[in-house]
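To start, the structure itself, in structure tokens.
Only this structure's heavy atoms are used, side chains among them; waters, hydrogens and symmetry mates stay out. Everything quoted here is computed from the prediction, not taken from an experiment.
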Amino acid sequence: MTDDATLSDFAAADDESPTDASTDTAGSAGGASRSTYAWGEYMCTQCEQSTDRVWRDDGDLVCPDCKSW
């Protein structure tokens, strides 16, 4: 048995894709845990501006300017 794993071994477990945050706002059934931060190419669900960093705020993925800290 080996301790090495490839990135593709984890791809099926990752339920967030950095393409469009609006498709991720409904959440998934089954109670899976969700990240609080992500990076990639996202669209803020509040100001609708493109951003490369998002945080989860009341279930939505928002840019740093729209995040209620």
Any residue meeting side-chain hydrogen bond (donor to acceptor under 3.5 Å, both in side chains) with Ser68, in chain and number order, not counting sequence neighbours: Asp57
Closest contact, heavy atoms only, Lys67 versus Arg56: NZ-O, 3.4 Å
Shortest non-hydrogen contact between Tyr42 and Ala38, atoms and distance: OH-CB, 3.4 Å
Candidate pair Ser50 and Glu41, rule side chain to side chain contact (heavy atoms under 4.5 Å, CB included), full reasoning: CA-CA 7 Å; Ser50 177; Glu41 294 179 24; 5.9 Å; no
Rounded distance (nearest 0.5 Å) linking atom CZ of Arg53 with atom CG of Leu61: 14.0 Å
Cluster link Trp55 to Trp39, ILVMFWY, side chain under 4.5 Å: yes
For Cys44 against Cys63, the heavy-atom pair lying closest together: SG-N, 3.4 Å
